[in-house]
Amino acid sequence: MTDLFQLFAVSAVVMGIAQTLTKERIFAPLREWLGGKETWCGYLVSCPYCASHYVAFVLVPLTGTYPIPVVVGGWVGSVLSWFLSSILVTVIAAFFRVLFWFVDEAQGLVRRRQRTEEEETATKRLVRKKVEQDLPLGERDEPLPPAPH
């Protein structure tokens, strides 16, 4: 159970680091300096899936997360276990990225809906204010009907 938790935890960390490196504003100068998606080096730090491979290649041995045992011994077996385990962590991180996208998109929809409602309310206030200003003096004393919701 602990091994499975560690596998998912390391995959989540890989996804988070790769997402931060490739999408957040703090690393934009690095991505621009490396040429963005137009150059090979720039693409490595602009594509979340690509970057997650390299992050996994580093984090798997640092955390000792080797969920794929191999029967080959020696250094070849060690390298193969490291490589295959890193690929597995990367694939799980990609699934986490998809889930993260759905959560982020849902939050974006809520924010857009709130912004639209705020803009509609502000527009109604401006229209109401304009109507009040355009009314003759005698009619201004009468209360206007409430604005529709």
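Atoms considered below: every heavy atom in the structure, side chains included; atoms not considered: hydrogens, waters and symmetry mates. All values derive from a computational prediction rather than experimental measurement. Each residue takes its place number in the sequence, starting with 1.
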Take V60 and L88, measure what side chain to side chain contact (heavy atoms under 4.5 Å, CB included) needs, and give me the verdict at the end. CA-CA 10 Å; V60 163; L88 177 62; over 6 Å; no

I would like to know whether R115 and E119 meet side chain to side chain contact (heavy atoms under 4.5 Å, CB included); could you show each step before the answer? CA-CA 6 Å; R115 216 175 14 248; E119 288 171 358; 4.2 Å; yes

Using the side chain to side chain contact (heavy atoms under 4.5 Å, CB included) rule, take T22 and F27 through it: C-alpha gap first, then chi angles, then the decisive distance, then the call. CA-CA 7 Å; T22 60; F27 288 105; over 6 Å; no

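Distance check: K37 NZ to C47 SG gives 6.5 Å after rounding to the nearest 0.5 Å. Atom CD of residue E117 and atom CD of residue E120 lie 7.0 Å apart, to the nearest 0.5 angstrom. Distance check: Y66 OH to L80 CG gives 12.0 Å after rounding to the nearest 0.5 Å. Note that CZ of R31 is 8.0 Å distant from CD of E24, once rounded to the nearest 0.5 Å. Of the inter-residue distances, the one linking T39 atom OG1 with W33 atom CH2 reads 10.5 Å to the nearest 0.5 angstrom.
Contact detail for P29 and R25: the closest heavy-atom pair is CD-O, 3.8 Å. Contact detail for T20 and G16: the closest heavy-atom pair is OG1-O, 2.8 Å. Shown here for P48 and A18, the closest heavy-atom pair between the two residues is O-CB, 3.6 Å. Here the shortest heavy-atom pairing between L59 and V14 reads CD1-CG2, 3.8 Å. Between F96 and F8, the shortest heavy-atom distance links the atoms CE1-O, 3.3 Å. Residues P67 and S85 share a closest heavy-atom pair of CD-OG, 3.4 Å.
Hydrophobic clustering keeps Y49 apart from I17 (ILVMFWY residues linked when any side-chain heavy atoms are closer than 4.5 Å, directly or through intermediates). One hydrophobic cluster, built from ILVMFWY side chains closer than 4.5 Å, cannot hold both W40 and Y43; they sit in different ones. Note on L84 and W82: same hydrophobic cluster, where clusters join Ile, Leu, Val, Met, Phe, Trp and Tyr whose side-chain heavy atoms are under 4.5 Å apart, directly or indirectly. Hydrophobic clustering, with ILVMFWY side chains joined whenever heavy atoms are under 4.5 angstrom apart, keeps L21 apart from V98.
Ring geometry for F57 versus F83: interplanar angle under 30°, hence parallel rather than tilted (30 to 60°).
In terms of modelled atom types and a separation under 3.5 Å, the side chain of S78 and the main chain of G74 share a donor-acceptor contact. Between the side chain of S81 and the backbone N or O of I68, at least one donor-acceptor pair lies under 3.5 Å.
Between L44 and L34 there is no side-chain heavy-atom pair separated by less than 4.5 Å.
The number of heavy atoms from other shown groups lying within 6.0 Å of CD1 (I26) does not exceed 12.
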